[in-house]
Amino acid sequence: MRIVFIGPPGSGKGTQAVNIIKKYKPVHLSTGDMLRAARAAKTEIGLQADKYMSSGQLVPDDVIVGIISERLKQEDCQAGYLLDGFPRTIAQAEALDKMLAEKKTPLDAVLELQVPDDELFRRLAERAEKEGRSDDTPEVIKNRLKVYNEQTSPLLAYYGKKNLLKSFNGLGTVEEVFARIETILDSLQK
Ligand code: AP5
């Protein structure tokens, strides 16, 4: 199973990825987690990424594409993966298409979590109190949403044209949202 997970900040990608991995066993490839780990380890990429992440901007495409292309070559990815937070621009999506075409391993689906802005703000404000993630301040959240609408949402039409897009409601309990994902993923496996 090769899946892309798209959704605005706070829509529940990371939360639902945990459930998907538990049930369907793809490898979880979160570019946000990879960048936070690189930043914590103070690697060159991590230090470079920090200034973009802390202001809610996207890290440059060539950096992210380089990270993902190396990761997809690794043995554990050959049986399937869930791309969480990548691609985020049309240029990243085109680079991914190229990598997958070379390997003759097309995507199975692109899942889109739909959550209205007021709920995204509510969830991220709550997370800011609990976890103190540095990009969960009101100003940066606003910028992350703007960046999502301008640079990532065009991917919906991109994948819609390829008949890969599966959009669903991300409101409700974590269990209710996961049940919608199960319906989609189970239908792919038939
Ligand atoms: P990334 O880590 O990908 O952040 P994001 O997309 O902003 O997503 P979040 O982690 O904030 O939200 P989520 O959708 O995973 O929601 P979650 O499950 O956590 O990226 C961070 C930064 O890295 C970017 O801004 C950029 O700088 C850089 N970056 C990453 N990838 C990049 C790329 N490809 N190109 C360039 N730059 C890149 O849930 C949020 C909260 O809501 C949690 O507290 C959760 O408990 C709660 N919640 C979840 N589901 C529910 C529910 N159903 N009901 C109530 N609460 C819920």
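Just so you know, ligand 1 is whichever comes first in the structure, and atom 1 is the first atom listed for that ligand. What you see is a predicted model; the values in this text were computed from it and never measured. We use all heavy atoms of the structure for the numbers below, so side chains are in, but hydrogens, waters and symmetry mates are not.
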Open item on the list: Checking side chain to side chain contact (heavy atoms under 4.5 Å, CB included) between Ile3 and each of Ile181, Leu83, Leu111, Ile184, which is the one that passes?
Closed with: Leu111
Open item on the list: Give me the nearest non-hydrogen protein atom to atom 19 (O) of ligand 1 as residue plus atom name, then the distance to 0.1 Å.
Closed with: Arg127 NH1, 2.8 Å
- [ ] Considering heavy atoms of the protein only, find what lies nearest to atom 4 (O) of ligand 1 and give residue, atom and distance to 0.1 Å.
- [x] Arg133 NH2, 3.2 Å
Open item on the list: Tell me whether Arg133 contacts the main-chain N or O of Ala128 through its side chain, where contact means a donor paired with an acceptor under 3.5 Å.
Closed with: no
TODO: Just let me know how Glu126 lines up against ligand 1, side chain, backbone, both or neither, with a heavy-atom cut-off below 4.0 Å.
DONE: neither
TODO: Give yes or no for whether the N/O distance cutoff of 3.5 Å, strictly under, is met between Leu35 and ligand 1.
DONE: no
Open item on the list: Looking at Thr173, is its backbone amide N or carbonyl O close enough to the side chain of Glu176 to form a donor-acceptor pair, meaning the two atoms are under 3.5 Å apart?
Closed with: yes
Task: Closest heavy-atom pair and its distance - Val110, Leu107 - done: CG2-CD1, 4.3 Å
TODO: If you have a sec, work out which protein heavy atom is nearest atom 27 (O) of ligand 1 and how many Å separate them, to one decimal?
DONE: Gln57 O, 2.6 Å
Open item on the list: Under 4.0 Å from a heavy atom of Thr31: which atoms of ligand 1 are those, numbered in the order shown and with their elements?
Closed with: 30 (C), 31 (N), 32 (C), 34 (N)
- [ ] Please round to the nearest 0.5 Å and tell me the distance separating atom CZ of Arg39 and atom CZ of Arg36.
- [x] 7.0 Å
TODO: Would you mind running through ligand 1 and noting each atom that sits below 4.0 Å from a heavy atom of Arg36?
DONE: 2 (O), 21 (C)
TODO: Would you kindly specify which portion of Glu131 sits under 4.0 Å from ligand 1, judged on non-hydrogen atoms: side chain, backbone, both or neither?
DONE: neither
Open item on the list: Test your reading of the structure: does Asp135 have an N or O sitting under 3.5 Å from an N or O of ligand 1?
Closed with: no
Task: Asp136 and ligand 1 - part of the residue with a heavy-atom distance under 4.0 Å - done: neither
TODO: Just need the protein heavy atom nearest to atom 55 (C) of ligand 1, so name the residue and atom and give the distance.
DONE: Arg123 NE, 3.6 Å
Open item on the list: Testing the basics here: between Ser167 and Gln114, what is the closest heavy-atom pair and its distance to 0.1 Å?
Closed with: CB-NE2, 3.7 Å
Open item on the list: So if I count the atoms of ligand 1 from 1 in the order they appear, which ones are less than 4.0 Å from some heavy atom of Pro8?
Closed with: 14 (O)
Open item on the list: Applying a heavy-atom cut-off of 4.0 Å, say which part of Ile64 lies close to ligand 1: side chain, backbone, both or neither.
Closed with: side chain
TODO: Report yes or no: does Lys13 contribute a side-chain atom to a donor-acceptor pair with the main-chain N or O of Pro8 at less than 3.5 Å?
DONE: yes
Open item on the list: Geometry only, no angles: is Ser11 polar-contacting ligand 1 at N/O separations under 3.5 Å?
Closed with: yes
Task: ligand 1 N/O within reach of Gln16 N/O, cut-off under 3.5 Å - done: no
Open item on the list: Any salt bridge linking Glu112 with Lys166? Criterion: basic side-chain nitrogen under 4.0 Å from a carboxylate oxygen.
Closed with: no
Open item on the list: Please check if the number of heavy atoms outside Lys146 that lie under 6.0 Å from its NZ is greater than 12.
Closed with: no
TODO: Just let me know how Lys130 lines up against ligand 1, side chain, backbone, both or neither, with a heavy-atom cut-off below 4.0 Å.
DONE: neither
Task: Basic-acidic side-chain contact under 4.0 Å: Arg71, Asp76 - done: yes
Task: Contact check: Gly12 vs ligand 1, nitrogen or oxygen atoms, below 3.5 angstrom - done: yes
Task: Gln92, any N or O under 3.5 Å of ligand 1 N or O - done: yes
Open item on the list: If I apply the N/O under 3.5 Å rule, does Glu119 come out as touching ligand 1?
Closed with: no
Open item on the list: Check whether Gln92 reaches the backbone of Arg88 with its side chain - one donor and one acceptor, N or O, closer than 3.5 Å.
Closed with: yes
TODO: Compute both the distance and the angle, then confirm whether Lys162 meets the cation-pi test with Tyr158: under 6.0 Å from the six-membered ring centre, within 45 degrees of the axis.
DONE: yes
- [ ] Just need the protein heavy atom nearest to atom 46 (O) of ligand 1, so name the residue and atom and give the distance.
- [x] Thr15 OG1, 4.1 Å
- [ ] Would you mind checking if Lys42 and Asp50 are paired as a salt bridge, meaning a charged N to carboxylate O distance below 4.0 Å?
- [x] no
Open item on the list: For the 3.5 Å polar cut-off, considering only N or O atoms, please tell me whether Val59 and ligand 1 meet it.
Closed with: yes
TODO: Report yes if some N/O of Gly56 lies less than 3.5 Å from some N/O of ligand 1; otherwise report no.
DONE: no
TODO: Identify whether the distance between the nearest side-chain nitrogen and carboxylate oxygen of Glu126 and Arg123 falls below 4.0 Å.
DONE: no
Task: Top protein contact for atom 33 (C) of ligand 1, by heavy-atom distance - done: Arg88 CD, 3.3 Å
- [ ] Around atom 13 (P) of ligand 1, find the nearest protein heavy atom and jot down its residue, atom name and distance.
- [x] Lys13 N, 3.5 Å
- [ ] Not counting sequence neighbours, which residues clear salt bridge (Lys or Arg N to Asp or Glu O under 4.0 Å) with Asp108? List them please.
- [x] none
Open item on the list: Just to be sure I read this right, does ligand 1 sit under 4.0 Å from the backbone of Pro87, its side chain, both, or neither, counting only heavy atoms?
Closed with: neither
Task: Close side-chain approach of Leu58 and Ile64, heavy atoms under 4.5 Å - done: no
- [ ] Among all protein heavy atoms, pick out the one at the shortest distance from atom 15 (O) of ligand 1; state its residue, atom name and that distance to 0.1 Å.
- [x] Gly14 N, 2.9 Å
TODO: Please determine if Gly172 has a nitrogen or oxygen closer than 3.5 Å to a nitrogen or oxygen of ligand 1.
DONE: yes
